[in-house]
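In what follows, a structure is listed as C-alpha cells, so that the remarks can point back to it.
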Amino acid sequence: MTIARTALRRTLAVAATAALAVGALAACATDSGSSAGTGTDLDAALEAGGKLTYWSWTPSAEAQVAAFEKAYPKVDVELVNAGTNTEEYTKLQNAIKAGSGAPDVVQIEYYAMPQFALSDALVDLGEYGLDSLEDDYAASTWGSVNIDGKLVGLPQDSGPMAMFYNKAVFDQFGIAVPTTWDEYIAAAKQLHAADPTKYITSDTGDAGFATSMIWQAGGRPFGIDGTDISVNLADEGTQKWTGVWNQLVEGDLLATTPGWSDEWFKGLADGSIATLPIGAWMPGVLESSVADASGDWRVAPMPTYDGTPVTSENGGGGQSVTKQSKNPALAAAFLRWLNNDPASIEVFLESGGFPSTTADLEDPDFKAFESEYFGGQKINEVLTQASKDVAPGWSYLPYQVFANSIFGDTVGQSYINKADLNEGLADWQSQLVEYGNKQGFSVSE
Amino acid sequence: MTATSLPTQSRDAVVPAPAPRPRGIRVRSRSEWKGLAFVVPFLVVFLLVFIAPVAYSVYLSLFREQLIGGNAFVGFDNYVELFGDAQFWEGFVRVTLFLVVQVPVMLALALIAALAIDSARLHASGFFRIVIFLPYAVPAVVAVLMWGFIYGDDFGLASNINDLLGAEVVTPFVPDWILASIGNIVTWEFVGYNMLIFYSALRTIPTDLYEAAELDGAGPMRVVRAIKLPALRGAIVIATIFSIIGSFQLFNEPNILRTLAPNVITTYFTPNMYAYNLSFAGQQYNASATVAIVMGVITAVIAYVVQLRGARKEER
C-alpha cells in the first residue's frame, strides 16, 4: 500500500512537470495560430474549397449539409452519424487517443465539452476570429462553449428547462397546474391517489436530469479552477432539490419507465406520465414520437422553490473543430455557417430545434408561433422566457461523461431502493473524487 | 534416396570428408526449413492476432495514463490496486456464483436432452434435436432483447402474469432475481450447443456394446450408467471448460439488459463489463488491460484444473 502510494506521488510529480510542458506547447500553438486566422481567412478557405468530415446525430444535419454544399459547391462535406451522444464520444475519444480518425467538425453536447477541451482535442475558434460572434448567442450557451478562456465550439441548440404537462390529464382529475415544487408534490400525490396507473413524471435516475435540477435549485456541486476541482453534492442547493425529489422517490410516486424507451413514449401518449420537466427542445420530439397525444400537451415555466422564476439548461450542444483537422480554417468556416448563417438556422428551426441565437430567440414571429400540437399555445413565449431565466454560474466536471456513466451505480441505487437520494449522491461524490485524483486532478470535497 | 541424393553425395565427397553425424543434422535442418514454410503463415497470423495483443495488454497494464499528466510507468501498481478493488471482486464473485449454479443446471439439461434423443425411444428425435439447438443459432443480442421483452414488468409477459395474479409475483428485473433471469437466458441459449456435443459423443459408441449389454440382460438405465456416461466423460470435461470460460466472460446479456433494467445492472456487474466501462467510459485503458490480464489468468488456471481432474478420472 505504501509502495503504491509513493509510486502514485511520484507519478503525480511527473504529471505536474508534464502538464507544464504541455501547457508551454499549447501556448506556442496558440501564438502561431492567432497570427494565421481571421474572418477573411475563413472566406478565403471557403473560396479555395476542400473536403471535410462532420459527425453529428442531429435530425437537421443532412439538410444543413446539403444547403451548405449548394451555397459553397467547392466544399465537400461528408456527414457521418457516429452514434448518439456517449456512443459518439467513445469513438471520438478513441480517435483522439489513437492520434487519427477524428472528424474535422464534431457535434458535442455542452456537458461533454469540458472533457474534450481538456484533452486538448479542440481548436480555439478565437484563432479564427469567431469570438466576435459572442453577442449573437444566449449568454448561458456562450458560457458553455468557453472553457478556460478558449472558444472550443459554437452553440447550436439550447435547452432551457420548462415543465411540459398533459393538460387532458390535469383537467380530467381537476388538478391545478403546479407553479411551485410544493404544489408539484401535492399534484403528484393527488394524481396517483385518483388513478394508481398515473404518475406525475417518470424518473429512473438520469444524470443529465439530476444535474439540471440541482442547477435550478441553486446547487453548484462542481467547481473547476484549472486542475483544481471541488465536488460537493451536499451543498444547500442540492439538498433543496433532494428535499423535494426524495418525497417522490421514497413515496413511490414516480413511474419507473426508462426514459426514451418505447414504453416511455407510450406513457407520454396515454397520460400515465403527466409531466416532463425537460429542455426546450422537447416539442419537436413530442410532435414526431408522441403524435397520438396531439392537442393534449402544454408547456409552463418550471415550478420554483420560492416563487422567483429561475431555470437551468438541460441538454443542448454545439459543434467543435478538432485539432486533428487537416484544414481547420475550412472547418471553422463551415462551423460558422452551420451555427450562425440564417440559411442554416432556418433548416435547424424547421426540424423542431430550439435555437441558441439571440436573433431567433427574440424574433417576434418565432415568439408568436402558435403550435397546433400544443392546442394553439404560443409555446415559444414560455420557452424564450425560460432561456432568459437560466441561472448563471454552473459548470460541469472535466470528466462529466464518465461521471454520468456511473450515476446508475451510485444514485441509481437510491432509486431502486426508494431511499434517500443524499446517500446515493454521497456515493457518487466519493467515486468522482477518487476518479479525479487518479486522473491527476487535485479534487477536494 | 538413390538418384536424387547421389549428386549431393558426390559434391560432399569433393570437399573434405564430412562425418556422417553432421550430415545427418544438415539433412534434418533442411527438412525443418521446409516445414517452417508451411507453418510461417500460421505463425505470422498467430503472432499478429494473439501474441501481439496479449503482449500489448501486458505492456499497457504496467503503465498509467492520466487525463492530467500523461503516461507513466507504474510497475505492478495497477495489479496491486485491482486486488484491492471492491468493484472488481464484486463482479468476480457474481460470475463465480453464476458459474456454480448455472453451469451444472445447463449441462444436466443438455445431458438429459442428449440421452433422450439418443435413446431411440423418442418419436421425431430429429425434430427435437433441431428445436433444442435452434436457440444457439439466434444471435445473442436478438435473444436477449426477446427475453427482455418477456421479462419486462411494465409491458412484457411478466406484467401480464402479474396483472392476472393481481400481485407483483414475477419480477425478473429486481436486484434479487436479475442474476437468475440472466442465467435463464444463457441456459436457453446454450443447452442446445452442449446437447450437440454430448449427442455426437454418444453416436461414437460402437453398437456392439449395446448388443452385448442386451444379451447380458442390462436395462436401459443400466446401459446409461455403465456405457453411455463413462463414454461421455471427455465430452463433459470439454463442455464444462467451455462453460467456465463463457461464464467468466459474461458480457452481452447483462450489457443489453442494462437499458431495460437501469440501476439494477451496474457498470461493474461482471469483470468483462467492468473492463469495458473502464476503458470506454472512464478512459482508464491501463486498469482495463489489468482486469483483462487477471481474468485471463484466472480463467486459464481454473480451466486447466478442470481438465487435469477430468483427465485423471479418465485414467482410472
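Note on naming: letters A, B, ... go to the chains in the order of the sequence lines (proteins, then strands), and numbering restarts at 1 for each one.
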Spatial distance of atom [atom1] ([X]) from atom [atom2] ([Y]) [nearest 0.5 Å]:
X        : Y        : atom1 : atom2 : value
A/Lys438 : B/Asn286 : NZ    : CG    : 11.0 Å
B/Phe173 : A/Thr256 : CZ    : OG1   : 11.5 Å
A/Thr257 : B/Leu260 : OG1   : CG    : 12.0 Å

Less than 4.5 Å apart, any side-chain heavy atom of [X] and any of [Y]?
X        : Y        : value
A/Lys97  : B/Glu65  : yes
A/Ile416 : B/Pro175 : yes
B/Tyr268 : A/Ile406 : no
B/Thr267 : A/Phe402 : no
B/Gln283 : A/Tyr399 : no

Does any backbone or side-chain atom of [X] lie under 4.5 Å from a heavy atom of chain B? Answer side chain, backbone, both or neither.
X        : result
A/Glu87  : neither
A/Tyr435 : side chain
A/Lys266 : neither
A/Thr86  : neither

Is it true that, when you exclude [X] itself, more than 12 heavy atoms of the residues, nucleotides or ligands shown sit nearer than 6.0 Å to its [atom1]?
X        : atom1 : result
B/Trp89  : CH2   : yes
A/Asp262 : CG    : no
B/Phe76  : CZ    : no
B/Ile130 : CD1   : no

Smallest heavy-atom separation, A/Thr227 atom then B/Ile68 atom, equals CG2-CD1, 3.6 Å

Residue part contacting chain A, namely of [X], when any heavy atom lies under 4.5 Å:
X        : result
B/Tyr285 : side chain
B/Val264 : both
B/Ser279 : neither

Run the side-chain contact (heavy atoms from CB on, under 4.5 Å) test on B/Thr266 and A/Gln413 for me, step by step, so that the C-alpha distance in whole Å, both residues' side-chain angles and the decisive distance to 0.1 Å come before the verdict. CA-CA 9 Å; B/Thr266 53; A/Gln413 303 309 304; 4.0 Å; yes

Item to check | A/Tyr415 side chain to B/Pro262 backbone, donor-acceptor under 3.5 Å | outcome: no

